[in-house]
Amino acid sequence: MSDIFSQPALSNLTEFSVSELSGSIKRTVETAFDQVRVRGEISGYRGQHTSGHAYFSLKDDRARIDAVIWKGSFSKLKFRPEEGMEVIATGKITTFPGSSKYQIVIESLEPAGAGALMALLEERRRKLAAEGLFDQARKRRLPYMPQVIGVVTSPTGAVIRDILHRISDRFPAHVLVWPVKVQGEGSGEEVANAIRGFNALPQGGDIPRPDVLIVARGGGSLEDLWSFNDEIVVRAAAESAIPLISAVGHETDTTLIDYAADVRAPTPTGAAEMAVPVRADLEAQLAGLAARLSGSTRRHMDNRAQGLRALVRALPSLDQLLALPRRRFDEVSVGLGRGLELNTMNKRRSFERTASGLRPDVLGHGLRQHRQHVNERMQRAEALIERRLLQAKARVSSSDSSLRALPMRLSGQLDRQKERLLACVRRADTAVLHRMAQNRSGLAAHERILQSLSYKNVLKRGYAVIRDEENRPLTRAAAVAPGAVISVEFADGEVSAVAGADAPPLADTSSAQVRKKSVKPVASDPGNQGSLF
């Protein structure tokens, strides 16, 4: 141990601070690994942070490196990273001095080969299928003869020319083109926004709402068609209220939008053929239907005329139809006179039976009975009224006696209330006087304390307070310059003086720079005690 401590110190090494050393390492690493491509599996990915950045790791079977994608670079990625995906990341290596760690700042990200893309595509297809976006029950039938067709595609490619040419040849219709990018950064968002934009058009607005949509793109590699595998595009196609035809790539190309669309077309030209019928075929079909309608109408009229003639031959003559009603009429007319006579005789007998019961003696007996009933009811009513009057008089008498006794009870209650009020007043006066006495004694005690703490009492014992020209108290002799004008406060007033031995006498106030103040007593203010200093 003694040999170790006896060795000379290594003084030829440069001394760095921790920050300097971390900064030097950061510059060295960034210079040596300015642009690298790293292949690995995404681990610990939890989506974008609230700041918009994404933090995760890349790993293989033996090592692990932290990774970060800044917000600006994340929006430019062709596809979104997912947990467990094997990718090739391009960026630079840097360090984080705060924790002495290094990480890769990713600028671009791509799947590790076509197999990884297919695996990602299959995983996304299963996920969206599990949500029911590809169910056949969601798909709608295309309109047979659309008036307006919306097309979502690139405005500069051959696809839009093929679609317009085929629609013009088959059945001219109004075509609305929503220009979008069909490849590269941001193409998926543009296609989804176009689909939602067509669906947002109101019925009867300035811009007509399409009856059917066509999302089209030419052929290409899996990477070229990857925008149409984006989840946002698939969801927009599934949510579209307008029937949608997917025409992305050639017949052998398959994207996820094909599963979500209502109809998949093998090519963009095939989509145009599905959207509209052939006008010439419609005209020929219409002419054939018109000929069939005319022939069937003519045959139908002939059949009806033939049937009508057969019915006319089967009908009897007019005399045969009226023979039976005429006979019945004759029989009824013969018996009508006899029937009237019998009816008159029956009515007369009934009248006589009724008149026999209307004799004066019968009517008089009925009136007497009714009069007797009325008299009996009047007698019962008079007796009932007399009883009610007697009951009312009894109630009035009892109420009158109760009212006469009421003032006596009220006067007794008033006397008791007056006594209670006087007792409360006496107790309140006593409490007020007691509280005022307590307040006076407390005020006197505070006044004595104030007088004992006031510096005025100290001045009465022969002390004085010295102040400068600005009325500030002087506590040290060194603070007084020779010839300075000072004021001295005694218990009975203040006087002015000049500091220094060479100062002229105070009596000669005309030649000296000393002015004598008149003594003016200061009233004692208990609220303003002042200061001894």
Item checked: Within 6.0 angstrom of Lys139 NZ, more than 12 heavy atoms from elsewhere -> yes
Check: Do Leu109 and Ile88 come close enough that some side-chain heavy atom pair is under 4.5 Å?
Finding: no
Next item on the list: Take Ile214 and Ile163 through the side chain to side chain contact (heavy atoms under 4.5 Å, CB included) test and state the conclusion after the steps.
Entry: CA-CA 9 Å; Ile214 298 176; Ile163 292 175; 4.2 Å; yes
Margin query: Ignoring hydrogens, what is the shortest heavy-atom contact between Ala247 and Pro268? Give both atom names and the distance.
Written below: CB-CA, 3.7 Å
Notebook entry, point to check: Is it true that Glu110 and Arg37 make a salt bridge, defined as a side-chain N closer than 4.0 Å to a carboxylate O?
Noted result: yes
Note to self: Any salt bridge linking Glu30 with Arg27? Criterion: basic side-chain nitrogen under 4.0 Å from a carboxylate oxygen.
What the structure shows: no
Item checked: Minimum heavy-atom distance between Pro155 and Val180, given as atom pair plus value -> CD-O, 4.1 Å
Next item on the list: Report the C-alpha separation of Arg126 and Glu123 in whole Å, then their side-chain angles, then the decisive distance to 0.1 Å, and conclude whether the salt bridge (Lys or Arg N to Asp or Glu O under 4.0 Å) test is met.
Entry: CA-CA 5 Å; Arg126 288 196 298 268; Glu123 177 63 25; 2.6 Å; yes
Next item on the list: Please check if the side chain of Lys26 supplies one atom and the backbone of Thr95 the other of a donor-acceptor pair under 3.5 Å.
Entry: yes
Margin query: Can you confirm whether Tyr55 is buried at OH, in the sense that more than 12 heavy atoms of other residues, nucleotides or ligands lie under 6.0 Å from that atom?
Written below: yes
Next item on the list: Report yes or no: does Asp211 contribute a side-chain atom to a donor-acceptor pair with the main-chain N or O of Gln147 at less than 3.5 Å?
Entry: yes
Item checked: Derivation of the side chain to side chain contact (heavy atoms under 4.5 Å, CB included) call for Ile232 and Arg196 -> CA-CA 11 Å; Ile232 187 175; Arg196 293 193 174 102; 4.0 Å; yes
Notebook entry, point to check: Is the closest side-chain heavy-atom distance between Glu189 and Lys181 below 4.5 Å?
Noted result: no
Notebook entry, point to check: Can any side-chain N or O of Gln48 pair as donor or acceptor with the backbone N or O of Gly52 at less than 3.5 Å?
Noted result: yes
Checklist line | Side-chain donor or acceptor of Asp135 paired with backbone N/O of Arg138 under 3.5 Å | finding: no
Margin query: Under a plain distance cut-off of 3.5 Å, with no hydrogens placed, do Thr156 and Ser154 share a side-chain donor-acceptor pair?
Written below: yes
Note to self: Please check this pair: side chain of Arg467 against backbone of Arg472, looking for a donor-acceptor N/O pair closer than 3.5 Å.
What the structure shows: no
Notebook entry, point to check: Is the backbone N or O of Glu470 less than 3.5 Å from a side-chain atom of Asp468, with the two atoms forming a donor-acceptor pair by type?
Noted result: yes
Checklist line | Side-chain heavy atoms of Val465 within contact of Leu459, under 4.5 Å | finding: yes
Next item on the list: Verify, without hydrogens or angle tests, whether Thr153 (side chain) and Ala216 (backbone) share a donor-acceptor contact under 3.5 angstrom.
Entry: yes
Margin query: I'd like to know whether CD of Gln35 has more than 12 heavy-atom contacts from other residues, nucleotides or ligands below 6.0 angstrom.
Written below: yes
Next item on the list: Applying side chain to side chain contact (heavy atoms under 4.5 Å, CB included), run through Asp66 and Lys101 and close with a yes or a no.
Entry: CA-CA 9 Å; Asp66 292 337; Lys101 292 182 178 181; 4.2 Å; yes
Margin query: Distance alone, cut at 3.5 Å: any donor-acceptor contact between the side chains of Thr90 and Glu107?
Written below: no
Next item on the list: Using a 4.5 Å cut-off on heavy atoms from C-beta on, say whether the side chain of Ile245 contacts that of Val212.
Entry: yes
Checklist line | Heavy atoms from other residues, nucleotides or ligands near NZ of Lys59 exceed 12 (cutoff 6.0 Å) | finding: no
Margin query: Could you report the tightest heavy-atom contact between Pro210 and Gly150, atom names first, then the distance?
Written below: CB-N, 3.6 Å
Check: If we only count heavy atoms from C-beta on, is the Pro81 to Phe74 side-chain gap below 4.5 Å?
Finding: yes
Next item on the list: Output yes when a side-chain donor or acceptor of Glu86 lies under 3.5 Å from a complementary backbone atom of Glu41, and no otherwise.
Entry: no
Next item on the list: Taking all heavy atoms of Arg124 and all of Glu231, pick out the closest pair and write down the distance.
Entry: NH1-N, 4.0 Å
Next item on the list: Please round to the nearest 0.5 Å and tell me the distance separating atom CZ of Phe56 and atom CD of Gln103.
Entry: 10.5 Å
Next item on the list: Count the heavy atoms belonging to other residues, nucleotides or ligands that lie under 6.0 Å from OH of Tyr45, then report whether that count exceeds 12.
Entry: yes
Note to self: Tell me if a side-chain donor or acceptor on Arg209 pairs with a main-chain N or O of Asn199 at a distance below 3.5 Å.
What the structure shows: yes
Check: Between CD1 of Ile106 and CG of Leu58, what distance do you get to the nearest 0.5 Å?
Finding: 5.0 Å
Next item on the list: Drop me the distance from Phe198's CZ to Ile149's CD1, to the nearest 0.5 angstrom.
Entry: 11.0 Å
Notebook entry, point to check: So does Lys127 have more than 12 non-hydrogen atoms from other groups sitting under 6.0 Å from NZ?
Noted result: no
Next item on the list: For the pair Asp230 (side chain) and Gly188 (backbone), establish whether a donor and an acceptor sit closer than 3.5 Å, ignoring hydrogens and angles.
Entry: no
Notebook entry, point to check: In Å and rounded to the nearest 0.5 Å, what is the CG to CH2 distance from Leu176 to Trp178?
Noted result: 10.0 Å
Note to self: Let me confirm one number: the CG-CZ distance from Leu133 to Arg235, rounded to the nearest 0.5 Å.
What the structure shows: 5.5 Å
Check: Closest heavy-atom contact between Val233 and Ser227?
Finding: CG2-O, 3.5 Å
Margin query: For a 4.5 angstrom cut-off between non-hydrogen side-chain atoms, does Val152 reach Leu213?
Written below: no
Notebook entry, point to check: Which heavy atom in Arg140 sits nearest to a heavy atom in Asp262, and how many Å separate them?
Noted result: N-OD1, 2.9 Å
Check: Taking it one step at a time, do Ser43 and Arg64 satisfy side chain to side chain contact (heavy atoms under 4.5 Å, CB included)?
Finding: CA-CA 9 Å; Ser43 175; Arg64 180 190 187 99; 3.6 Å; yes
Checklist line | Atom CD1 of Ile207 with >12 non-hydrogen neighbours under 6.0 angstrom | finding: no
Next item on the list: From the options Val234, Asn229, Val215, select the one residue that forms a side chain to side chain contact (heavy atoms under 4.5 Å, CB included) with Thr255.
Entry: Asn229
Notebook entry, point to check: Any side-chain heavy atom of Ile65 within less than 4.5 Å of one from Ile93?
Noted result: yes
Next item on the list: Find the distance between CZ (Phe228) and CG (Leu256) and round it off to the nearest 0.5 Å.
Entry: 12.0 Å
Next item on the list: Evaluate whether atom CZ of Arg435 has more than 12 neighbouring non-hydrogen atoms of other residues, nucleotides or ligands under 6.0 angstrom away.
Entry: no
Notebook entry, point to check: Between Ile104 and Lys92, is any pair of side-chain heavy atoms under 4.5 Å apart?
Noted result: no
